[in-house]
Trainee: 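Quick one: structure below, then a few questions.
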Amino acid sequence: MRSLRKRPHDGFDRVMWPCEWLDHFPASTTSLRKCCKAITKSRIKGKYDKIMKIVTRFAPSPTGFLHIGGARTALFNWLYARHYSGVFHLRIEDTDKIRSEAASINAILNGLNWLNILWDGDPIFQSTRINRHIEIIKSLLKKGAAYYCYATIEELKEMRAKGKNTGQFIGYDGRWRDRDQREAPPGVLPTIRLRVQREGETILNDLVQGRVTVMNKQLDDMILLRADATPTYMLSVVVDDHDMGVTHVIRGDDHLMNALRQAQIYQAMGWEMPQFAHIPLIHGPDGTKLSKRHGALGVETYREIGFLPEAICNYLTRLGWSHGDIEIFSTNQAVTWFDIRDVGRSAARFDLAKLTAINAHYLRRMADSQLVKLLLPHIKTLIGVPVDTVGQCRLEAAMPSLKLRARTISELAKAALFYVQPRPLSLNKKACQYLDSFGRATLMVLAERLAASCRVWEAQALEDDIRQLALEQNLTLGALARPLRAALTGAVVSPPIFEVMQILGREESLARLDDVLACQCEVLSYQCEEL
RNA sequence: GUCCCCAUCGUCUAGAGGCUCAGGACUCCGCUCUUUCAAGGCGGCAACACGGGUUCAAAUCCCGUUGGGGACACCA
């Protein structure tokens with residue numbers, strides 16, 4: 001349940017709320033809330049287009065892979081921009097050169113590409129904009145909105161410790177706020193801090209979290225320029241968002257407090273603030289912020305495991321956002337339906353089981369030929385050699401059945417392996433158990449019958465034949481199918497065995513039976529131990 | 001510790017004061033189909049954190065409590 005009372009209606013209330021919209025309201029006692037719902041998006045959208053172009057951005061710092069939380073933030077920004085025919089930018093926040101890595105940048109770019117979250121224009125590297133950031137800091141200094149601070153690291157540590165002990169103030173105490181620079185200690189390189197307002201409160205009308213208020217005395221004078229003359233994130237992000245014309249900042253809830261602090265920079269510069277939407281974080285199974293500690297993986301790892309990008313996007317979009325009861329939707333549907341107002345306010349736990357279930361759905365819907373393409377690298381890894389043309393044909397023919405039995409590409413690869421493994425097939429332990437002396441005797445009869453059979457090698461005909469044989473031998477079909485499956489697939493679980501025979505073909509099927517029959521019991525059991 | 005945010009089945013969620021002794025999805029458990037395993041079909045278990053208000057009527061609005069999370073760097 002979410003309350004609209006505290007939430008701004010959307011990003012545009014300041015532009016056209018409420019007088020223009022009131023014309024659309026029915027002249028009844030129906031509440032304002034219901035009217036908001038009643039106005040169709042298309043009508044609103046027509047107005048948006050005339051009034052303002054939506055600009056969103058995803059701004060990761062390249063300090064690691066693109067994780068699942070980052071991917072969702074990117075996705076929400078992308079969806080929002082696309083929904084309103086706006087612009088979605090990618091900005092790499094690489095101002096901390098020590099922690100930024102080229103490999104991370106690649107991982108982020110590749111991850112977004114794979115998920116088909118495509119940004120407009122070239123990625124913007126924050127590090128290339130340092131001169132502009134410094135220019136703004138100088139201008140703040142000139143306005144008296146910023147000042148030099150000569151406090152040492154040790155002093156700052158002391159302040160924090162004192163704050164915690166007294167349970168009062170936390171952070172910088174403003175000791176250089178009004179002090180004469182001529183008192184500067186020799187040899188200390190200064191930082192530049194923002195002169196944050198002391199009185200009153202700062203209010204943020206967040207599109208997701210609603211109205212958030214904080215007393216200004218809770219905000220200390222944050223550093224804009226480090227002692228090494230590099231700008232901090234807090235400053236850069238504001239300058240870049242402003243210069244890029246970002247209208248909507250959609251980011252993780254962990255930035256909520258930053259928005260309050262950044263508001264002071266916007267104010268000091270006299271810039272209009274963008275709309276903020278702080279989306280709830282994704283939590284691990286234990287309910288805390290998803291992190292490496294939970295074994296959180298980069299999106300490329302999900303790719304390697306065999307998840308489909310459509311499935312990941314579907315799952316991630318549905319995490320914290322909903323459109324009624326609809327669970328499965330296409331990207332186009334998501335773009336049509338997505339709006340920040342439908343994003344929930346509470347954190348969601350990452351549930352691999354549900355992701356896997358959604359992946360299974362997309363896997364089944366995917367074209368067989370396309371699946372084979374995705375499957376080949378996985379199988380190559382398993383058998384060590386590329387799959388030949390015959391193998392590829394078998395895989396494609398088998399795909400309709402195989403894909404019902406797998407939820408990820410790697411599961412699919414394991415299930416499909418027996419189709420392309422070279423003879424003699426290795427058998428797993430359970431399969432060996434079905435090939436005891438009784439099983440082998442049964443198989444012998446079966447092999448003779450199949451070898452002598454003149455009928456076409458086709459699933460239905462084979463099934464008819466073997467059912468007939470079962471009748472003659474006074475056996476159940478299962479009693480024949482079990483050793484047959486063991487010998488042909490090396491396992492006790494497989495797609496329907498007559499279909500398997502058809503796809504393997506007469507020659508290969510009979511050869512696999514011969515392999516087992518030619519093999520001594522001791523060898524079989526030896527094989528089992530190996531497995 | 002201080003500040004901020006959050007609260008419906010185990011998980012993701014529907015819910016806009018009366019259509020709801022709360023619906024869907026995942027998970028789990030039955031049954032069915034069946035040559036195995038799946039898939040499919042049918043069914044089941046399972047939630048409005050608590051306490052006060054407001055109202056004819058509260059999961060829904062207000063206040064408080066409790067619980068959970070996040071932020072408190074010369075990181076981003």
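Quick note on labels: first sequence line is chain A, next is B, and so on, each numbered from 1. Predicted model, so just to flag it, every value in this text is computed and none were measured.
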Trainee: Which is true for A:Ala259 with a 4.0 Å heavy-atom rule: it touches a base, it touches only sugar-phosphate, or it touches nothing?
Mentor: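 A:Ala259: no heavy atom of the nucleic acid under 4.0 Å.
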Trainee: Would you mind pulling out the nucleotide paired to B:rU34, Watson-Crick or G-U wobble, both distances under 3.5 Å?
Mentor: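 For B:rU34, the partner nucleotide comes out as none, under the 3.5 Å rule.
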Trainee: Applying the ring pair (Phe, Tyr, Trp, His ring centres under 6.0 Å) test to A:Trp321, which of A:Phe76, A:Trp337, A:Phe329 qualifies?
Mentor: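 Per the ring pair (Phe, Tyr, Trp, His ring centres under 6.0 Å) rule, the option paired with A:Trp321 is A:Phe329, out of A:Phe76, A:Trp337, A:Phe329.
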Trainee: Kindly confirm or rule out a cation-pi arrangement of A:Arg175 over A:Tyr172, judged by NZ or CZ under 6.0 Å from the six-membered ring centre and within 45° of its axis?
Mentor: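 No, cation not above the ring by the 6.0 Å, 45° rule.
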Trainee: Roughly how many Å is it from CG in A:Leu352 to C1' in B:rC28, rounded to a whole number?
Mentor: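 Spelled out: CG on A:Leu352 to C1' on B:rC28 is 17 Å.
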Trainee: Base, sugar-phosphate, or nothing: which does A:His255 touch, judged by heavy atoms less than 4.0 Å apart?
Mentor: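 Contact class for A:His255: base.
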Trainee: Compare the minimum distances between each of B:rC74, B:rC4, B:rC12 and the side chain of A:Arg193, then state the nucleotide with the smallest one.
Mentor: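 Looking only at side-chain atoms, A:Arg193 lies closest to B:rC74.
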Trainee: A:Gln209 has an atom CD; how far is it from atom C1' of B:rG69, in whole Å?
Mentor: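 Going from A:Gln209 (CD) to B:rG69 (C1'), I get 11 Å.
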Trainee: According to ring pair (Phe, Tyr, Trp, His ring centres under 6.0 Å), does anything in residues 199-238 of chain A pair up with another residue at least two apart or in another chain? List the pairs.
Mentor: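 Listed by first then second residue: A:Tyr233-A:His255.
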Trainee: Of all the choices, B:rC3, B:rG70, B:rU11, which nucleotide is nearest to the side chain of A:Asp351 once you look at every atom?
Mentor: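 The listed nucleotide nearest to A:Asp351's side chain is B:rU11.
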Trainee: Of A:Leu189 and A:Arg72, whose closest RNA chain B nucleotide lies nearer the 5' terminus?
Mentor: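 With A:Arg72 and A:Leu189 compared, the 5'-side residue is A:Arg72.
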Trainee: When you measure from the side-chain N and O atoms of A:Ser346 to the phosphate of B:rC5, is any distance below 4.0 Å, counting only OP1 and OP2?
Mentor: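 The answer is no; no side-chain N or O of A:Ser346 sits under 4.0 Å from OP1 or OP2.
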Trainee: Looking across every strand, which nucleic acid part, if any, lies under 4.0 Å from A:Leu156 by heavy atom: base, sugar-phosphate, or nothing?
Mentor: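 Base: the residue A:Leu156, judged by heavy atoms under 4.0 Å, touches a nucleobase.
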Trainee: Is any side-chain heavy atom of A:Gln181 closer than 4.5 Å to a side-chain heavy atom of A:Tyr147?
Mentor: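 Side-chain contact under 4.5 Å: no.
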Trainee: Students often get this wrong, so: under 4.0 angstrom with heavy atoms, is A:Thr476 touching a base, only sugar-phosphate, or nothing?
Mentor: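 Nothing, no nucleic acid heavy atom in range.
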Trainee: Tell me: CD of A:Gln126 to C1' of B:rA76, nearest whole Å?
Mentor: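 To the nearest whole Å, that distance equals 9 Å.
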Trainee: Nearest to the side chain of A:Thr232, which nucleotide is it out of B:rA76, B:rC26, B:rC6?
Mentor: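 Selected nucleotide: B:rA76.
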Trainee: Between A:Glu93 and A:Arg57, is there a salt bridge with N-O shorter than 4.0 Å?
Mentor: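 So A:Arg57 does not pair with A:Glu93 through a salt bridge.
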Trainee: Which listed nucleotide (B:rG70, B:rA76, B:rU2) is nearest to the side chain of A:Met257?
Mentor: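 My answer, after comparing the listed nucleotides, is B:rG70.
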Trainee: How would you label the contact of A:Lys289 with the nucleic acid (heavy atoms, under 4.0 Å): base, sugar-phosphate, or nothing?
Mentor: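 Sugar-phosphate, no base atom in range.
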Trainee: When you measure from the side-chain N and O atoms of A:Ser322 to the phosphate of B:rA14, is any distance below 4.0 Å, counting only OP1 and OP2?
Mentor: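 Yes, A:Ser322 has a side-chain N/O under 4.0 Å of OP1/OP2 on B:rA14.
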Trainee: So do A:His133 and A:Leu224 actually touch side chain to side chain, heavy atoms under 4.5 Å?
Mentor: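 Counting from C-beta outward, A:Leu224 and A:His133 never come under 4.5 Å.
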Trainee: Would A:Arg485 and A:Tyr434 count as a cation-pi pair here, with the cationic atom under 6.0 angstrom from the ring centre and within 45° of the axis?
Mentor: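 Here A:Arg485 fails the 6.0 Å and 45° test against A:Tyr434.
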Trainee: Reckon A:Ala357 touches a base, only the sugar-phosphate, or nothing at all at heavy-atom distances under 4.0 Å?
Mentor: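 Sugar-phosphate: the residue A:Ala357, judged by heavy atoms under 4.0 Å, touches backbone atoms but no base.
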Trainee: Just name whichever nucleotide pairs with B:rG67, Watson-Crick or G-U, keeping both distances under 3.5 Å, else none.
Mentor: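 Pair assignment: B:rG67 / B:rC6.
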Trainee: Using a heavy-atom cut-off of 4.0 Å across all strands, would you classify A:Arg349 as base, sugar-phosphate, or nothing?
Mentor: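 If one applies the 4.0 Å heavy-atom cut-off, A:Arg349 turns out to touch the sugar-phosphate alone, with no base involved.
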Trainee: Is A:Thr213 touching bases, backbone alone, or none of the nucleic acid, heavy atoms closer than 4.0 Å?
Mentor: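 Result for A:Thr213 = sugar-phosphate.
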Trainee: With respect to the side chain of A:Arg160, which nucleotide from B:rC12, B:rA73, B:rA71 is positioned closest?
Mentor: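 Given the options B:rC12, B:rA73, B:rA71, the side chain of A:Arg160 is closest to B:rA73.
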Trainee: Within the 4.0 Å limit for protein heavy atoms, which parts of nucleotides 34-41 of chain B are touched? Write it as a string from 5' to 3', B for base, S for sugar-phosphate only, - for none.
Mentor: -BBBBS--
Trainee: Checking A:Tyr362 against A:Phe307 for the ring-ring contact (aromatic ring centres under 6.0 Å, His included) test, could you report, in this order, the C-alpha distance in whole Å, the side-chain angles of both residues, the deciding distance, and whether it holds?
Mentor: CA-CA 9 Å; A:Tyr362 280 92; A:Phe307 284 94; over 10 Å; no
Trainee: When you measure from the side chain of A:Ile223, which nucleotide among B:rC74, B:rU13, B:rC4 comes out closest?
Mentor: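 Nucleotide nearest to A:Ile223's side chain: B:rC74.
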Trainee: With a non-hydrogen cut-off below 4.0 angstrom, is A:Met215 in contact with a base, only sugar-phosphate, or nothing?
Mentor: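 No contact.
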Trainee: In whole Å, I'd like the distance from the CD atom of A:Gln262 to the C1' atom of B:rA71.
Mentor: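 Roughly 13 Å, once rounded to whole Å.
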Trainee: For A:Glu93, answer base if it contacts any base atom (sugar-phosphate contacts may also be present), sugar-phosphate if it contacts only those atoms, and nothing otherwise; contact means non-hydrogen atoms under 4.0 Å.
Mentor: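 It contacts sugar-phosphate atoms only.
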Trainee: Which listed nucleotide (B:rC12, B:rA76, B:rG23) is nearest to the side chain of A:Asp325?
Mentor: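 So the nucleotide nearest the side chain must be B:rG23.
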Trainee: Would you kindly give the NZ-to-P distance between A:Lys217 and B:rC3, to the nearest whole Å?
Mentor: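 That distance rounds to 9 Å.
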Trainee: Which nucleotide in the set B:rC5, B:rA14, B:rU2 lies at the smallest distance from any side-chain heavy atom of A:Asp253?
Mentor: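 Minimum distance to the A:Asp253 side chain belongs to B:rC5.
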Trainee: Please tell me which of the listed nucleotides, B:rC6, B:rC5, B:rG69, lies nearest to the side chain of A:Arg345?
Mentor: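 The closest nucleotide is B:rC6.
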Trainee: Tell me what A:Ile153 touches on the nucleic acid: a base, only sugar-phosphate, or nothing, going by heavy atoms under 4.0 Å.
Mentor: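 Here A:Ile153 touches the bases of the nucleic acid.
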Trainee: Any idea which heavy atoms bring A:Gly439 and A:Pro483 closest together, and the distance?
Mentor: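 Smallest interatomic distance, heavy atoms only, reads O-CB, 3.8 Å.
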Trainee: If B:rA22 has a Watson-Crick or G-U wobble mate with both distances under 3.5 Å, name it; if not, just say none.
Mentor: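 Partner of B:rA22: none.
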